[in-house]
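All values below were derived from every heavy atom in this structure, side-chain atoms included, with hydrogens, water molecules and symmetry-related copies excluded. Whatever order the structure lists ligands and atoms in, that order sets their numbers, starting from 1. Start at 1 with the first residue, then count along the sequence.
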Amino acid sequence: MGKKVTVVGAGFYGSTTAQRLAEYDVFDTVVLTDIIEGRPAGLALDLNQSRAIEGFETKVVGVTTGPDGAGYEAIAGSDVVVVTAGVPRKPGMSRMDLLGVNAKIVRGVAESVARQAPDAVIVVVSNPLDEMTALTQLASGFPHHRVLGQAGVLDTARFTNFVAEELGVPVRSVKTLTLGSHGDTMVPVPSQCTVDGRPLTEVLPAGKIEEIVVRTRNGGAEVVGLLKTGSAFYAPSAAAARMARAVVEDSGEVWPVCAWVDGEYGISGVYLGVLAELGRSGVRRVVETPLTDGELASLKEAAEAVRAKQADVATM
Ligand SMILES: NC(=O)c1ccc[n+]([C@@H]2O[C@H](COP(=O)([O-])OP(=O)(O)OC[C@H]3O[C@@H](n4cnc5c(N)ncnc54)[C@H](O)[C@@H]3O)[C@@H](O)[C@H]2O)c1
């Protein structure tokens, strides 16, 4: 059977993700859904009309879904489902301010996905990310390895961009890493960051690294503040689309993602940002990376912070 990916939510994040997935030209079908009548169909029509120019054959199908799960038949057989449904932040809001409203939306989506695409891998992006990933696993009943969240690919890309700009070097010569949560307890890992293979700590003074770390942690809010309405979507959609592609191609690529941690780093029973090997089964395995004592302590702190909040979503 052909490769099929679904993107739930056809707002800024979802529509850009659908575009990236279609332009990869590795899927037979990209299904784009939303509750807004006509929007996904209109976007699909528009995207399909770009095929002759961009040179891809992937067919985009737009479907309006109902709150009771109507329309979800169209996602049957999806290899991957990217969940972007929900409300984004406004200036001054934290991701946690979205918890109540997005929990209701994401729970309904997860239940419908489980009914119609029971073998899919779900990539969650709706915020607050760590909590929505945990909720999606609970509501879908999927094994943990088939539900993961997108945060670290984006946070790391932001970190890399800032370092490259600071040093005036190509982004490809910079490697950075962030772990932990997608929020205040994000854990940047300077000890694993390099520029042309040299440790970041030898290339930039500690104060400058700290400045970049703070800017990375607030990377989403900086964009929200400038846009005034809506939040970032170009870099976020690039991140989610890459993850979906890694799963479908069974690539074995190692990315920082929000994955279920079960003993790694001495942490258990929580969704947390860690390095993971991605493949057809979702998260093939969590990859442990060497951390300094301080970084490990921060990761454990992040795990405890998100554990408490993830427990709350069970009843939402
Ligand atoms: N994980 C990350 O790194 C990251 C980055 C950026 C944004 N986000 C989050 O992604 C989400 C989407 O952001 P956006 O910019 O696309 O927002 P948006 O408002 O442009 O789009 C959200 C879409 O979801 C739709 N929707 C609402 N309920 C739905 C349902 N039950 N089923 C299907 N669709 C539904 C809305 O109609 C809307 O079109 C937000 O929660 C945002 O905070 C996450």
Any chance you could lay out the salt bridge (charged side-chain N to carboxylate O under 4.0 Å, His left out) test for Arg284 and Asp250, step after step, and finish with the verdict?
CA-CA 10 Å; Arg284 283 189 194 163; Asp250 198 27; 2.9 Å; yes

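- For the ligand labelled ligand 1, residue Gly230 lies outside the 4.0 Å heavy-atom shell.
- With respect to Val30, the side chain to side chain contact (heavy atoms under 4.5 Å, CB included) criterion is satisfied by exactly one of Val61, Thr17, Leu21: Leu21.
- Using a 4.0 Å heavy-atom cutoff, Gly108 is absent from the residues neighbouring ligand 1.
- By the criterion of a heavy-atom distance under 4.0 Å, both the backbone and the side chain of Ala85 are placed next to ligand 1.
- Residue contacts with ligand 1 for Ala239 are absent, since no atom lies close enough (heavy atoms, distance under 4.0 Å).
- With salt bridges taken as basic N to acidic carboxylate O contacts below 4.0 Å, none links Glu23 and Arg20.
- Only the side chain of His182 comes within 4.0 Å of ligand 1, judged by heavy-atom distances.
- With no hydrogens or angles considered, no side-chain donor-acceptor pair links Thr185 and Glu301 at under 3.5 Å.
- Side chains of Thr216 and Arg158: a donor-acceptor N/O pair is absent below 3.5 angstrom, by distance only.
- Distances between N or O atoms of Leu154 and those of ligand 1 include no value under 3.5 Å.
- Heavy atoms from both the backbone and the side chain of Asn127 come within less than 4.0 Å of ligand 1.
- In terms of the salt bridge (charged side-chain N to carboxylate O under 4.0 Å, His left out) criterion, Glu288 has no residue partners (sequence neighbours excluded).
- Under 4.0 Å from ligand 1, the heavy atoms of Leu98 that appear belong solely to its side chain.
- Taking atom 22 (C) of ligand 1 as the reference point, the nearest protein heavy-atom neighbour is Gly86 O, 3.1 Å.
- The protein heavy atom nearest to atom 17 (O) of ligand 1 is Pro88 CG, 3.4 Å.
- For atom 4 (C) of ligand 1, the nearest non-hydrogen atom of the protein is Tyr13 CE1, 3.6 Å.
- A side-chain N or O of Ser78 and one of Thr6 form a donor-acceptor pair less than 3.5 Å apart.
- Nearest protein heavy-atom contact of atom 40 (C) of ligand 1 is Val87 O, 3.4 Å.
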What verdict does the side-chain contact (heavy atoms from CB on, under 4.5 Å) test give for Arg107 and Thr136, after you've listed the backbone C-alpha separation in whole Å, the side-chain angles of each residue and the deciding distance to 0.1 Å?
CA-CA 6 Å; Arg107 175 177 281 282; Thr136 298; over 6 Å; no

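- Of all protein heavy atoms, the one lying nearest to atom 32 (N) of ligand 1 is Ile35 CG2, 3.6 Å.
- Closest to atom 44 (C) of ligand 1 among all protein heavy atoms lies Val125 O, 2.9 Å.
- Between Cys193 and Lys175 there is no side-chain heavy-atom pair separated by less than 4.5 Å.
- Among protein heavy atoms, atom 39 (O) of ligand 1 sits closest to Asp34 OD2, 2.6 Å.
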